[in-house]
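Read through the structure below, which is laid out as structure tokens, and then see the notes.
Read the numbers this way: they start at 1 and go in the same order the structure lists the ligands and their atoms.
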Amino acid sequence: MPQDSLEKIDRKIRKELDEERYRHTISVSYTASALAMCYETDLYSARLAGLLHDCAKCIPNDKKIRLCERYKIPVTETEKKAPQLLHAKLGAYLAKVRYGVTDPAVIGAIRWHTTGKPDMTTLEKIIYMADYIEPHRNKAPSLETVRFVAFRDLDLAVYLTLDDTLRYLDKGSGQAVDETTVRAYEFYKTLVEKRETLKQNLVIAERS
Ligand code: FE
Ligand code: FE
């Protein structure tokens, strides 16, 4: 039963995470389920992906690299410099082998929750957004706006989040910029701009 398996995973993940990360995890899972209600997608998948999205986060960085080598997960140069980025890839793998997740949609949502990527599925966007806006977060610059937009226009929220993230990384935060984040940003920028142009053209067409 889905409910049972969520409870089992909850108990297991609690042991793998420190207190703060566990609190964040529970918040992401609930925020993801609220977004899933809003966008009419599967609640169970959203809760499950939320619970597991950071399952590899508290593994020490050198061990993250070693585990990736052991499981033949490719590690890029950027990831070698910033091994914390690896928790998404490694987490997706561990979700399969340690937590028995078989649904590729859930695995994908865990895989892309840190960098985002172009053309994400609804579940991928939900986890990406839930990770950013869950109630305990308080540092992001446009958090209030993004929270408001997330429940009204998911693509626009993703675009605003990618924009914020790149600005933050750009400002010499010392954190590496993943190339996938840049591609995701370009994709959602184009998407949002195209939509705006379409809207403007419709208004012009209606007026003429
Ligand atoms: Fe994460
Ligand atoms: Fe997270």
Side-chain angles (χ1 to χ4, degrees), residues 6 9-10 12-36 45-65 67-68 71 73 75-76 78-96 98-99 101 105-117 120-143 146-147 150 154 157-158 160-162 164-166 168-169 173-182 184-185:
L6 285 174
I9 288 176
D10 186 324
K12 202 169 164 182
I13 196 78
R14 191 172 199 156
K15 292 185 204 137
E16 296 297 321
L17 303 174
D18 60 41
E19 210 176 304
E20 198 187 320
R21 189 54 49 180
Y22 177 71
R23 194 181 64 162
H24 161 73
T25 290
I26 297 300
S27 271
V28 170
S29 186
Y30 278 117
T31 305
S33 66
L35 286 167
S45 309
R47 292 176 67 192
L48 179 62
L51 270 183
L52 287 173
H53 83 285
D54 272 346
C55 70
K57 184 88 176 185
C58 292
I59 298 173
N61 278 342
D62 54 337
K63 197 174 172 193
K64 281 194 193 84
I65 295 179
L67 285 174
C68 284
Y71 299 133
I73 300 168
V75 177
T76 64
T78 316
E79 289 164 341
K80 263 183 211 155
K81 276 184 234 145
Q84 70 275 10
L85 286 172
L86 282 173
H87 79 277
K89 267 185 188 176
L90 185 58
Y93 182 83
L94 296 181
K96 260 190 263 178
R98 285 197 191 160
Y99 298 87
V101 176
V106 172
I107 303 290
I110 299 170
R111 170 66 186 88
W112 301 109
H113 85 269
T114 307
T115 58
K117 69 162 179 148
M120 288 186 272
T121 64
T122 303
L123 184 62
E124 285 163 357
K125 288 185 272 196
I126 284 176
I127 298 299
Y128 182 75
M129 287 319 305
D131 192 32
Y132 199 73
I133 66 168
E134 64 93 350
H136 295 107
R137 294 274 199 208
N138 56 18
K139 290 203 189 80
S142 327
L143 208 44
V146 175
R147 280 183 175 136
L154 195 53
V158 168
L160 295 174
T161 303
L162 287 162
D164 261 9
T165 306
L166 287 177
Y168 167 76
L169 293 173
S173 69
Q175 286 179 45
V177 179
D178 192 286
E179 177 261 336
T180 320
T181 307
V182 179
Y185 169 77

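Each protein N, O or S atom less than 2.8 Å from the Fe ion (ligand 2) was counted, giving 4.
Taking every heavy atom of both residues into account, Cys55 and Ala95 meet most closely at SG-N, 4.4 Å.
Checked against the Fe ion (ligand 1), the N, O or S atom of His87 at the shortest distance is NE2.
Checking Asp10 against Tyr22 by side-chain atom types alone, a donor-acceptor pair falls below 3.5 Å.
Residues passing the side-chain hydrogen bond (donor to acceptor under 3.5 Å, both in side chains) test with Gln84: none are found, sequence neighbours excluded.
One finds a salt bridge joining Asp131 and Arg137 here, because a Lys/Arg side-chain nitrogen approaches an Asp/Glu carboxylate oxygen to under 4.0 Å.
When atom types are taken as modelled, the side chain of Lys64 and the backbone of Ile59 share a donor-acceptor pair closer than 3.5 angstrom.
Around the NZ atom of Lys63, the shell of radius 6.0 Å holds no more than 12 heavy atoms that belong to other residues, nucleotides or ligands.
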